[in-house]
Amino acid sequence: MPRTSSRIFLVLICLMVFAQGGNGGKADHPDSRLWPVGDSAGWSFSVLGWPNYKPFKVGDVLLFNYKHGAHNVVQVNTVAQYSMCEVPRNATVWSSGNDRITLARGMSFYICGIPGHCQKGMKIAVTAR
């Protein structure tokens with residue numbers, strides 16, 4: 001009887017690992033790429049054109065590096081919010097200074113929510129295929 005219980009337990013553990021994708025529950029895809037936003041300059045005022053011509057894929061991770069407290073990262077939902085640097089009421093906001101955001105399929109828009117920063121070019125639009 002103890003052998004049967006051990007086998008059932010082992011099968012359950014295997015099923016749990018398989019259900020998580022076999023990678024410990026991480027959201028990253030096996031072939032995902034880490035993209036430091038703004039390259040060596042980080043999340044800064046000169047980042048606006050940084051995404052141009054980059055082959056972003058679903059599961060890639062954007063890494064926003066900046067001095068904690070100096071900036072933040074706000075995900076906005078529409079082109080209008082992005083264009084007008086409008087922070088929606090229930091927006092997702094990151095503020096650690098070392099934020100990692102996994103890309104979903106389609107367009108994603110990110111701005112700095114500190115007043116005046118987005119207007120000075122601290123925003124990016126990214127398309128993941």
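What you see is a predicted model; the values in this text were computed from it and never measured. In what follows, residues are counted from 1 in the order of the sequence shown.
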Item checked: Cluster overlap Ile111 with Val47, hydrophobic side-chain contacts below 4.5 Å -> no
Note to self: Closer than 3.5 angstrom, by distance alone: can the side chain of Trp43 be matched with the main-chain N or O of Gly38 as a donor-acceptor pair?
What the structure shows: no
Notebook entry, point to check: Can you check whether Trp94 reaches Arg100 side chain to side chain, under 4.5 Å on heavy atoms?
Noted result: no
Margin query: If I take atom CH2 from residue Trp35 and atom CD1 from residue Ile124, how far apart are they, to the nearest 0.5 angstrom?
Written below: 11.5 Å
Item checked: Path from Ile101 to Val76 over hydrophobic side-chain contacts below 4.5 Å -> no
Next item on the list: For Asn98 and Leu63, run side-chain contact (heavy atoms from CB on, under 4.5 Å): C-alpha distance rounded to whole Å, both residues' side-chain angles, the deciding distance at 0.1 Å, then the answer.
Entry: CA-CA 7 Å; Asn98 187 28; Leu63 173 60; 3.0 Å; yes
Checklist line | Residue Lys57 excluded, over 12 heavy atoms near NZ under 6.0 Å | finding: no
Notebook entry, point to check: How long is the span from the CZ atom in Arg129 to the CG atom in Asp60, to the nearest 0.5 Å?
Noted result: 12.5 Å
Margin query: For the SG atom of Cys85 and the CD1 atom of Ile114, what is their distance to the nearest 0.5 Å?
Written below: 13.0 Å
Margin query: What's the separation between atom NE2 in His68 and atom CG in Asp99, rounded to the nearest 0.5 Å?
Written below: 10.0 Å
Next item on the list: Let me see the working for Cys118 and Cys112 under disulfide bond (SG atoms under 2.5 Å apart), right down to the final yes or no.
Entry: CA-CA 5 Å; Cys118 177; Cys112 181; over 6 Å; no
Margin query: If I take atom CG from residue Leu62 and atom NZ from residue Lys54, how far apart are they, to the nearest 0.5 angstrom?
Written below: 11.0 Å
Check: If we only count heavy atoms from C-beta on, is the Leu48 to Lys123 side-chain gap below 4.5 Å?
Finding: yes
Notebook entry, point to check: Among the clusters formed by ILVMFWY side chains lying less than 4.5 Å apart, do Val37 and Phe56 turn up in the same one?
Noted result: yes
Note to self: Tell me whether the count of non-hydrogen atoms from other residues, nucleotides or ligands lying under 6.0 Å of CE in Met84 goes above 12.
What the structure shows: no
Next item on the list: Quickly, which of Tyr82, Trp50, Phe64 forms a ring pair (Phe, Tyr, Trp, His ring centres under 6.0 Å) with Tyr110? Name it, please.
Entry: Phe64
Next item on the list: Rounded to the nearest 0.5 Å, what's the gap from CE on Met107 to OG1 on Thr78? Could you check?
Entry: 11.0 Å
Margin query: With clusters defined by side-chain heavy atoms of hydrophobic residues (ILVMFWY) lying less than 4.5 Å apart, directly or transitively, does Val87 cluster with Val79?
Written below: yes
Margin query: For Ala104 versus Val58, what's the shortest heavy-atom pair and its separation?
Written below: C-CG2, 4.2 Å
Note to self: Test of understanding: clusters of I, L, V, M, F, W, Y form through side-chain heavy atoms closer than 4.5 Å, transitively. Do Leu103 and Val73 belong to the same one?
What the structure shows: yes
Checklist line | Exercise: identify the closest heavy-atom pair between Ser32 and Gly59 | finding: CB-O, 3.1 Å
